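Values in this document were obtained by computation on a predicted structure and should not be read as measured data.
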Amino acid sequence: MKSSDLLDALTVLEKEKGISKDIIVEAIEAALISAYKRNFHQAQNVRVDFNQDTGSIRVFARKDVVEEVEDARLEISLEDAKDIDPQYELEDIVEIEVTPRNFGRIAAQTAKQVVTQRVREAERGIIFSEFIDREDDIMTGIVQRQDHRFIYVDLGRIEALLPAGEQMPNETYHSHDRIKVYVTKVEKTTKGPQVMVSRTHPGLLKRLFELEVPEIFDGTVEVKSISREAGDRSKIAVHAEDPEVDPVGSCVGQRGQRVQAIVNELKGEKIDIVSWSEDIVEYVANALSPSKVLKVNVDEENKMTQVIVPDYQLSLAIGKRGQNARLAAKLTGWKIDIKSQSEAEEQGIYSPDEAPLFEENDSEDSELD
């Protein structure tokens with residue numbers, strides 16, 4: 001690399017990559033000091049001067065002015081210093097040019113390595129800065145390839161990693177498939193920025209609702225909680241401060257269009273949308289949708305609820321392999337013990353004369369099959 005080429009490269013880097021010329025020159029000078037000591041077996045204290053106007057590179061040995069020289073590589077006598085310049089005093093530092101004749105080739109090679117490294121670091125830094133802001137966000141990518149550990153998803157500036165454990169069990173991925181992913185982690189590694197993504201994270205469901213439901217995006221409707229068994233079934237609790245706004249209806253959309261778009265994106269994953277409530281009785285009853293609830297007994301101290309449902313609703317309330325009850329418990333953060341009406345009557349914890357909670361749970365809560 002010629003001096004003029006190097007100067008041109010520094011100017012381009014500053015304009016296009018936003019890397020300060022002074023910072024690169026500083027790095028080049030530091031690298032040249034190491035190169036000088038390594039190639040010319042010198043242990044003295046040296047300074048490298050890179051002239052940004054001409055591109056010339058000179059090496060100077062720095063020596064302390066002392067009365068008596070003990071190490072000629074690091075020190076110079078006051079007498080010898082005054083021969084160079086009468087103004088030198090003890091404890092001053094004298095700089096003597098020691099640029100080797102063939103240092104130009106080494107300097108050019110070293111400068112090229114530094115510039116290349118700095119460009120790589122700058123590009124990695126720009127990519128990291130761009131993607132760290134996308135952590136906990138949704139992005140659209142294109143499936144590139146896969147191995148036994150990851151699916152590699154092209155996000156434009158970088159190839160993200162979708163680990164096997166974050167892949168939907170009901171999905172098959174093919175090259176060139178366009179998929180939406182949730183960015184779980186962005187970190188710096190020795191090989192550059194690494195972006196981890198997920199298709200199973202509950203955050204993906206929340207971001208999909210933000211994309212499809214303007215009322216969630218603008219804050220009119222708030223997502224209070226999500227429980228998800230990716231690829232199979234999810235529950236989402238929503239709330240609106242404004243009593244005029246129907247949070248569940250907003251999420252379902254006209255003829256179910258909004259939630260159906262999300263179901264399609266998640267390849268048929270069923271989604272229950274329920275109303276959140278400060279009243280745990282109402283909230284738990286809603287969370288067990290589509291099942292109807294007769295009564296909810298609350299144990300505040302142990303954060304447990306005992307839910308009584310009609311006999312014919314018992315299997316629906318519990319769900320296949322206990323899934324509905326499990327998701328409802330995760331959604332509310334409360335343990336849920338479900339009993340049938342006949343069992344509750346036998347145990348004396350429910351009377352047929354009690355008013356059921358049907359009305360409170362028989363809302364527009366949505367289950368998409």
If we ignore angles and hydrogens, is there a donor and acceptor under 3.5 Å between the side chains of E79 and S77?
no

Which heavy atom in T200 sits nearest to a heavy atom in M168, and how many Å separate them?
CG2-N, 4.1 Å

Are any of the side-chain nitrogens in K320 or D232 under 4.0 Å away from the carboxylate oxygens of its partner?
no

I127 to P193 - nearest heavy-atom pair and separation:
CG2-CG, 4.0 Å

K224 NZ: over 12 foreign heavy atoms closer than 6.0 Å
yes

Is any side-chain heavy atom of Y283 closer than 4.5 Å to a side-chain heavy atom of L331?
yes

Under a 3.5 Å cutoff, is there a donor and acceptor pairing between the side chains of D299 and Q306?
no

Is V66 linked to L74 within one hydrophobic cluster, defined over Ile, Leu, Val, Met, Phe, Trp and Tyr using a side-chain heavy-atom separation of less than 4.5 Å?
no

Short side-chain to backbone donor-acceptor contact, S234 and I271, under 3.5 Å
no

Interatomic spacing from CD in E187 to CD1 in I132 - rounded to 0.5 Å
9.0 Å

OG1-CD1 distance between T140 and I179, expressed to the nearest 0.5 angstrom:
9.5 Å

Identify the heavy atoms of V213 and S250 that sit nearest to each other, and give their distance.
CG1-O, 3.7 Å

same_hphob_cluster(F60, V48) at 4.5 Å side-chain heavy-atom cutoff:
no

Within a strict 4.5 Å, meaning less than it, do heavy atoms of the I28 and T110 side chains meet?
no

Donor-acceptor pair, K235 side chain versus S289 backbone, under 3.5 Å?
yes

For N264, give me all partners under side chain to side chain contact (heavy atoms under 4.5 Å, CB included), at least two apart in sequence or on another chain.
Q260

Members sharing V94's hydrophobic cluster (side chains within less than 4.5 Å):
V65, I76, L78, I84, Y88, L90, I96

Which other residues end up in the same hydrophobic cluster as M196, if Ile, Leu, Val, Met, Phe, Trp and Tyr are linked when side-chain heavy atoms come under 4.5 Å apart?
F150, Y152, L161

Under 3.5 Å, is there a donor on one side chain and an acceptor on the other for D279 and S277?
no

If you group Ile, Leu, Val, Met, Phe, Trp and Tyr by side-chain heavy-atom gaps below 4.5 Å, do V223 and V245 land in one group?
yes

Can you name the nearest heavy-atom pair linking E135 to T184, along with the distance?
CG-O, 3.8 Å

Please give the remaining members of the hydrophobic cluster of I93, linking ILVMFWY side chains under 4.5 Å, ordered by chain and number.
none

For D272 and R233 the tightest heavy-atom approach is OD2-NE, 3.1 Å

Once you round to the nearest 0.5 Å, how far does OG of S198 lie from NZ of K185?
12.5 Å

If you round to the nearest 0.5 Å, how far is CD of E300 from OG1 of T305?
10.5 Å

Quiz: residues 203-211 side-chain donor-acceptor pairs under 3.5 angstrom, not counting sequence neighbours:
from: R207; atom 1: NE; to: D136; atom 2: O; distance (Å): 2.9
from: R207; atom 1: NH1; to: E210; atom 2: OE1; distance (Å): 2.8
from: R207; atom 1: NH1; to: E210; atom 2: OE2; distance (Å): 3.3
from: R207; atom 1: NH2; to: D136; atom 2: O; distance (Å): 2.7

Neighbour count >12 (heavy atoms, 6.0 Å) for atom CD, Q87:
no

Could you verify whether a donor N or O on one side chain and an acceptor N or O on the other, from Q117 and Q113, lie under 3.5 Å apart?
no

Donor-acceptor under 3.5 Å (S175 side chain, Q144 main chain):
yes

Might you work through the side chain to side chain contact (heavy atoms under 4.5 Å, CB included) test for K335 and K303, ending with a clear yes or no?
CA-CA 7 Å; K335 291 180 181 175; K303 211 171 182 183; over 6 Å; no

Establish, from distance only, whether the side-chain atoms of D311 and S342 form a donor-acceptor pair under 3.5 Å.
yes

To the nearest 0.5 Å, atom CD1 of I126 lies from atom CZ of R157 at 6.5 Å

Under 4.0 Å between a side-chain nitrogen and a carboxylate oxygen: does that hold for E75 and K63?
no

With a 4.5 Å cut-off on side-chain heavy atoms, are I273 and P247 touching?
no

E29 vs V25, side chain to side chain contact (heavy atoms under 4.5 Å, CB included): CA-CA, chis, key distance, verdict
CA-CA 6 Å; E29 288 176 350; V25 167; 3.7 Å; yes

Taking only residues two or more places apart in sequence or in another chain, which ones pass salt bridge (charged side-chain N to carboxylate O under 4.0 Å, His left out) with R124?
none

So does A261 get a backbone contact from the side chain of E212, meaning a donor-acceptor N/O pair under 3.5 Å?
no

Do S227 side-chain atoms and I236 backbone N/O form a donor-acceptor pair below 3.5 Å?
no

R58/D49 salt bridge by N-O under 4.0 Å criterion
no

N297/I308 under side chain to side chain contact (heavy atoms under 4.5 Å, CB included): CA gap, chis, key distance, verdict:
CA-CA 8 Å; N297 296 318; I308 297 151; 4.0 Å; yes

Should T332 and S225 count as side-chain neighbours, where that means a heavy-atom distance under 4.5 Å?
no

Could you tell me the separation between the CG atom of L162 and the CD atom of Q167, rounded to the nearest 0.5 Å?
4.5 Å

Non-neighbouring partners of E343 that pass salt bridge (charged side-chain N to carboxylate O under 4.0 Å, His left out), sequence neighbours left out:
K339

Once ring-ring contact (aromatic ring centres under 6.0 Å, His included) is applied, do any residues pair with Y182, and if so which ones, sequence neighbours excluded?
H201

Residue of the set L155, V195, I138 for which side chain to side chain contact (heavy atoms under 4.5 Å, CB included) holds with V181
L155

Strictly distance-based, threshold 3.5 Å: is any side-chain N or O of N286 a donor or acceptor partner for the main-chain N or O of S275?
yes

Return the minimal non-hydrogen interatomic distance between I338 and A317, and the atom names on each side.
CD1-O, 3.7 Å

Side chain to side chain contact (heavy atoms under 4.5 Å, CB included) partners of E229, counting only residues at least two apart
Q323, R326, L327

Mind jotting down which residue pairs meet the salt bridge (charged side-chain N to carboxylate O under 4.0 Å, His left out) criterion with at least one end in residues 190-201? Sequence neighbours excluded, please.
E171-R199, R199-E265

Would you sort out whether V183 and M139 count as a side chain to side chain contact (heavy atoms under 4.5 Å, CB included), showing the intermediate values?
CA-CA 7 Å; V183 180; M139 296 189 75; 3.9 Å; yes

Which pairs count as salt bridge (charged side-chain N to carboxylate O under 4.0 Å, His left out) when at least one residue sits in residues 250-264, sequence neighbours excluded?
E215-R258

Co-membership, hydrophobic cluster, residues I151 and I142, 4.5 Å side-chain:
no

Determine which pairs satisfy ring-ring contact (aromatic ring centres under 6.0 Å, His included) with at least one residue from residues 214-259, sequence neighbours left out, and list them in order.
H239-W276

Could you tell me whether K267 atom NZ has more than 12 heavy atoms of other residues or ligands within 6.0 Å of it?
yes

